[in-house]
Amino acid sequence: MKAFSAINSTNPCLPKTHFLKVPIFHPFFKFNPFSHSYNTHAHAANRAHKLPLTISCKLKSSQDVKNKGKSVSQKIVLSETSPPPLTEDDSTNSDSGDVPQSSMKKKGGPFEVLIVFRRKTLQILSSLPLAIADMFVAAALMALGTLIEQGEAPDFYIQKYSEDNPVFGFFTWRWILALGFDHMFSSPVFLGVLALLGASLMACTYTTQLPIIKVSRRWSFLHSAEAIRKQEFSESLPRASIQDVGTILMGAGYEVFLKGPSLYAFKGLAGRLAPVGVHIALLLVMAGGTVSAAGSFRGSVTVPQGLNFVVGDVLAPSGFLSSPTEAFNTEIHVNRFYMDYFESGEVSQFHTDLSLRNMDGKEVMRKTISVNDPLRYGGITIYQTDWSISALQILKDNEGPYNLAMAPLQINGDKKLYGTFLPVGDINSPDVKGISMLARDLQSIVLYDKEGKFVGVRRPNSNLPINIDGSEIVIVDAIGSSGLDLKTDPGVPVVYAGFGALMITTCISYLSHSQIWALQDGTTVFVGGKTNRAKIEFPEEMNRLLDKVPEIVESTLSKQADSISG
């Protein structure tokens with residue numbers, strides 16, 4: 001109240017509301033009336049917080065006749081920034097109620113428009129309903145991408161999703177091709193939804209999570225018992241020392257800060273940081289998925305044993321971010337293809353011995369791959385995915401060897417069957433006949449004569465001849481073909497890092513951020529606290545810790561009070 005009397009005694013009449021510079025910890029407020037020689041630099045050197053004060057005084061001005069006997073309330077805001085010096089022009093403008101032209105220009109200037117636009121944009125993007133809606137739309141598009149076949153030719157969609165029989169009465173191939181749903185995860189619609197979700201996460205982090213972290217890191221002391229009693233948990237210790245409370249809290253893992261009779265302690269600050277980490281992890285997952293969808297290459301090839309191919313001839317880009325590398329010039333040679341079998345004769349595993357050669361023909365890498373054991377080189381991954389039989393090598397009447405191409409035959413079920421045909425007699429005859437050879441794998445070959453009757457079975461490399469329709473046939477070898485899938489996916493490391501960070505930060509986010517305040521008031525210590533999680537466990541923990549605070553006897557209480565007052 002001394003501050004108010006000083007203000008009123010120095011200048012009992014303030015014609016306008018002014019902004020004064022007053023340090024927050026100053027013992028009393030000093031007021032200097034404004035004049036033409038007002039020194040703004042002296043006030044700008046001091047930093048303090050804004051303190052709003054409301055005083056009542058009688059105005060002595062030209063309106064005294066109207067306001068005689070009335071008390072007019074004026075609000076004085078004590079600000080961190082010093083006021084501009086008052087000049088005669090300013091006083092004249094203020095008295096006449098005119099607004100300076102510079103203020104009018106600044107108020108309607110482009111910078112203020114940008115600030116308002118930025119604030120509105122952040123407010124919209126950080127909206128929780130918008131983020132939830134984005135996630136639902138993204139999930140729906142991903143589900144739709146699993147239902148619609150991806151990467152097929154346009155004719156496939158025209159036939160399957162024809163306009164004669166639209167799905168749900170309206171969904172046809174036109175929707176699929178127009179919206180890019182034939183390559184859903186690199187379509188503009190899906191990438192746009194991910195971009196909006198990412199912007200929403202960043203806006204939420206900027207407007208909500210980061211300010212919470214800044215507030216949580218501050219040492220905020222409470223200087224009244226009433227403020228401490230308003231906390232979620234509060235207790236008073238009638239015969240205790242605040243130093244003992246701090247010691248016990250430190251033993252429980254709290255960071256403790258003392259300032260005179262006040263104490264502030266906290267623990268679990270990582271729980272406040274974790275939500276930011278969760279948002280960053282989600283952004284990494286979405287960014288990695290976007291790079292994978294729009295920046296990768298994919299291709300598949302079936303190569304017979306003994307032949308080769310160039311990587312760049314097989315791989316095709318998947319999106320606008322795809323960029324080839326030097327590894328695309330690598331030549332891959334299939335040295336050998338072979339299979340393993342169960343005791344029942346079924347195929348259990350198949351292998352391919354591959355050699356990688358540079359443009360000079362020098363072998364730079366060699367590895368035998370199999371299912372779930374790919375080859376990786378220069379950012380390119382080669383998977384073993386399929387197999388087939390490309391040719392059958394035979395001897396006929398000790399002549400040859402001849403390579404007979406094997407073709408896949410359509411049969412019921414998922415079993416594979418390959419066959420070839422060796423003409424017998426006049427091959428120019430319209431009714432040509434010959435020897436048929438069938439194989440389910442590389443183990444054995446079944447032979448039929450020109451009438452279609454079963455003759456026998458021979459294993460490749462057995463060198464056992466078999467006579468069919470007057471010809472001696474020897475099965476020399478069955479040449480297999482390796483089915484390979486090739487891809488480059490630069491987004492995989494980013495996705496893995498994002499999911500790893502997501503698991504870690506999700507676990508950390510369950511840590512409780514607890515805050516405790518204490519105040520020594522005479523011989524009594526008032527203790528209060530709150531937590532963002534573990535609402536039930538926190539009071540139990542506080543009671544357990546406060547039970548450990550020792551009670552101070554009378555002789556010690558006087559010394560404690562003297563030390564605090566001193």
Side-chain angles (χ1 to χ4, degrees), residues 301-309 332-355 366-373 375 382-425 427 432-484:
V301 63
T302 300
V303 187
Q305 177 178 300
L307 299 183
N308 51 25
F309 65 95
I332 299 178
H333 181 75
V334 179
N335 299 312
R336 184 190 175 204
F337 174 77
Y338 61 97
M339 294 188 289
D340 298 333
Y341 303 92
F342 293 110
E343 294 182 358
S344 61
E346 298 291 332
V347 176
S348 63
Q349 181 65 282
F350 36 100
H351 313 264
T352 305
D353 181 11
L354 299 176
S355 290
R366 181 168 182 172
K367 181 181 178 179
T368 299
I369 66 173
S370 58
V371 178
N372 297 326
D373 185 18
L375 181 149
I382 305 175
Y383 298 92
Q384 179 77 74
T385 57
D386 202 359
W387 64 273
S388 65
I389 303 176
S390 61
L392 195 62
Q393 195 173 74
I394 67 167
L395 294 175
K396 179 184 177 184
D397 297 330
N398 294 324
E399 294 180 358
Y402 302 104
N403 289 333
L404 304 178
M406 298 285 282
L409 303 177
Q410 296 290 337
I411 60 174
N412 296 328
D414 57 352
K415 300 292 184 180
K416 290 187 175 184
L417 182 63
Y418 298 88
T420 188
F421 180 77
L422 178 63
V424 176
I427 60 175
V432 64
K433 295 184 178 181
I435 302 170
S436 300
M437 305 177 193
L438 303 178
R440 291 188 178 276
D441 49 47
L442 302 179
Q443 291 187 104
S444 58
I445 310 299
V446 181
L447 297 96
Y448 298 85
D449 62 14
K450 61 182 180 180
E451 301 297 332
K453 297 180 179 179
F454 173 76
V455 178
V457 179
R458 290 292 183 270
R459 288 183 176 273
N461 299 314
S462 64
N463 295 324
L464 294 178
I466 184 172
N467 291 315
I468 305 174
D469 297 329
S471 299
E472 185 180 84
I473 304 298
V474 177
I475 306 298
V476 178
D477 194 11
I479 302 174
S481 293
S482 177
L484 305 174

Residues in side chain to side chain contact (heavy atoms under 4.5 Å, CB included) contact with [X], at least two apart in sequence or another chain:
X	answer
Val424	Ile435
Leu464	Arg458, Ser462
Gln443	Tyr341, Asp441, Arg459
Lys396	Tyr402, Leu422, Ser471, Ile473

Original post:
Does Ile394 reach the side chain of Ile475, with side-chain heavy atoms less than 4.5 Å apart?
Top reply: yes

Original post:
With a 4.5 Å limit on heavy-atom distance, are the side chains of Val303 and Phe337 in contact?
Top reply: no

[X] side chain to [Y] backbone, donor-acceptor under 3.5 Å:
X	Y	result
Thr420	Met437	no
Gln384	Gly483	yes
Asp449	Gly452	yes

Can you name the residues that form a salt bridge (Lys or Arg N to Asp or Glu O under 4.0 Å) with [X], not counting sequence neighbours?
X	answer
Asp397	none
Arg366	Asp353
Asp477	none
Glu399	none

Can you sort out the partners of [X] under side chain to side chain donor-acceptor pair (under 3.5 Å), two or more places apart, ordered by chain and number?
X	answer
Asp340	His351
Asp386	Lys416
Ser390	Ser481
Lys433	none

Rounded to the nearest 0.5 Å, what separates atom [atom1] in [X] from atom [atom2] in [Y]?
X	Y	atom1	atom2	value
Leu417	Leu409	CG	CG	4.5 Å
Ser370	Tyr338	OG	OH	8.0 Å
Ile479	Ser388	CD1	OG	11.5 Å
Ser436	Lys453	OG	NZ	14.0 Å
Tyr418	Leu392	OH	CG	13.5 Å

**OP:** Determine, for Glu346 against Lys415, whether the closest basic-nitrogen to carboxylate-oxygen distance falls under 4.0 angstrom.
**Re:** yes

Original post:
Between Thr352 and Ser482, which heavy-atom pair has the shortest distance, and what is it?
Top reply: OG1-OG, 2.6 Å

